[in-house]
Amino acid sequence: MINELLLAGSVVFIFSTVLLAYKFFGKTGLYCVSAVATILANIEVVILINAFNMEQTLGNVLFASTFLVTDILSECEGKKEANKAVWLGAFSSLFFLLLSQSWLLYTPSENDLIFGSVKAIFSTTPRMIIASLVVYAISQLFDVWLYHKWWAFTEKRFKSKRKFLWLRNNGSTLISQIVNTLLFTLFAFWGTYDFKTLVSIFFSSYIIYVFTSLLDTPCVYIARKIHDKKIASRSE
């Protein structure tokens with residue numbers, strides 16, 4: 001039960017952090033969260049856990065938070081700013097990959113106690129990071145594109161730019177997460193786990209993404225209120 005409680009607590013903590021970053025630092029805060037989340041998720045994803053009777057990678061919640069970031073930016077700041085967050089996350093992952101691999105080139109001191117542990121962790125991450133880097137860019141850019149396609153559709157159909165936020169949020173994220181989960185499972189774990197485990201990872205990851213996508217909708221509404229208040233205070 002401890003894993004389930006930790007995962008639930010992680011969702012609350014991470015999503016709350018996204019909102020606080022936006023409230024106090026605006027889009028710059030979201031860019032920072034996106035960069036940090038992509039780096040940490042690339043480390044977490046190598047850990048396989050059991051929770052809610054499913055086998056899953058630990059990085060799911062952090063990866064889900066990057067979709068929350070781009071949805072908030074799409075809704076409040078525009079498509080260009082959302083895509084900027086995607087490329088910033090990709091750049092951060094590439095920087096981390098190159099730097100972390102350079103650590104393994106050093107010869108440790110005879111008194112070193114942790115190099116073996118560091119090597120064990122980071123010697124397994126290049127494939128994960130490269131896979132997540134490619135998949136992250138593809139799925140996130142697709143998510144931003146689809147978000148604005150849904151927005152154009154609802155605005156044209158219902159003559160309102162603000163209504164149906166829940167539709168464009170969930171309509172884009174739930175679809176793009178299928179792309180994200182399928183591609184990442186294949187690129188990162190093919191040949192590492194048997195087919196049954198791959199199927200388990202795919203379905204458990206997507207179920208987590210469905211859950212977090214539904215939970216992030218209220219967060220996007222809250223973010224829009226934060227944005228509206230900032231606009232209102234500037235006009236006073």
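Computed from heavy atoms alone, side chains included, the values below leave out hydrogens, waters and symmetry copies.
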Nearest 0.5 Å, please: how far is [atom2] in [Y] from [atom1] in [X]?
X    : Y    : atom1 : atom2 : answer
N180 : T173 : CG    : OG1   : 10.5 Å
L165 : E75  : CG    : CD    : 4.0 Å
L215 : C219 : CG    : SG    : 7.5 Å
S65  : F13  : OG    : CZ    : 11.0 Å
L19  : K23  : CG    : NZ    : 10.0 Å
R157 : L167 : CZ    : CG    : 12.0 Å

Is it the case that atom [atom1] in [X] sees more than 12 heavy atoms from other parts of the structure closer than 6.0 Å?
X    : atom1 : value
L5   : CG    : yes
F142 : CZ    : yes
W103 : CH2   : yes

Given the rule that I, L, V, M, F, W and Y join up when any side-chain heavy atoms are under 4.5 Å apart, are [X] and [Y] in one cluster?
X    : Y    : value
L183 : W190 : yes
F67  : V220 : no
I175 : L141 : no
V144 : L30  : no
L113 : F122 : yes

Worksheet item: Under the salt bridge (charged side-chain N to carboxylate O under 4.0 Å, His left out) test, which residues partner E155, sequence neighbours left out?
Response: K161
Once you measure the plane-to-plane angle for [X] and [Y], does it fall in the parallel (<30°), tilted (30-60°) or perpendicular (>60°) bin?
X    : Y    : result
F153 : F158 : perpendicular
F91  : F95  : parallel
F63  : F184 : tilted

Discussion item. Test side-chain contact (heavy atoms from CB on, under 4.5 Å) on L97 and L133; report intermediate values, then the result.
Written reply: CA-CA 10 Å; L97 171 63; L133 176 62; 5.6 Å; no
Say whether, by atom type as modelled, one donor and one acceptor occur between the side chain of [X] and the main chain of [Y] under 3.5 angstrom.
X    : Y    : answer
R224 : R162 : yes
S74  : D71  : no
T38  : A35  : yes
T185 : L182 : no
T181 : I178 : no
Y206 : L174 : yes

Item to complete: Identify the residue among I14, V18, T217 that makes a side chain to side chain contact (heavy atoms under 4.5 Å, CB included) with L68.
Response: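 Testing L68 for a side chain to side chain contact (heavy atoms under 4.5 Å, CB included) against I14, V18, T217 leaves exactly one candidate, V18.
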For a 4.5 angstrom cut-off between non-hydrogen side-chain atoms, does [X] reach [Y]?
X    : Y    : value
V86  : Y136 : yes
D143 : Q140 : yes
R168 : H148 : no
V210 : L214 : yes
Y22  : C76  : yes
L186 : F202 : no
L88  : S34  : no
F15  : T212 : yes

Taking every non-hydrogen atom, the tightest pair across [X] and [Y]:
X    : Y    : value
A37  : T66  : CB-CG2, 4.0 Å
V33  : A21  : CG2-CB, 3.7 Å
Y106 : P108 : O-CD, 3.5 Å
A85  : T70  : CB-CG2, 4.5 Å
L73  : K27  : CD2-CB, 3.8 Å
F115 : D112 : N-OD2, 2.6 Å

Discussion item. Before you tell me yes or no, could you show the steps for Q101 and L104 under side-chain contact (heavy atoms from CB on, under 4.5 Å), namely the whole-Å CA-CA distance, both residues' side-chain angles and the distance that decides it to 0.1 Å?
Written reply: CA-CA 6 Å; Q101 292 310 294; L104 306 183; 3.7 Å; yes
Worksheet item: For S213 and N170, does a side-chain donor sit closer than 3.5 Å to a side-chain acceptor?
Response: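 On atom types as modelled, these side chains do not qualify, holding no pair under 3.5 Å.
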Discussion item. Any donor-acceptor pair under 3.5 Å linking the side-chain atoms of T197 with those of D194?
Written reply: yes
Practice prompt. Would you list the pairs meeting side chain to side chain donor-acceptor pair (under 3.5 Å) in which at least one residue belongs to residues 78-96, sequence neighbours left out?
Written response: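 Counting only pairs at least two positions apart or across chains, the side chain to side chain donor-acceptor pair (under 3.5 Å) contacts touching residues 78-96 are Y31-E81, N42-S93.
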Worksheet, complete the sentence: Connected to L20, directly or through other members, by ILVMFWY side-chain contacts below 4.5 Å are F24, F25
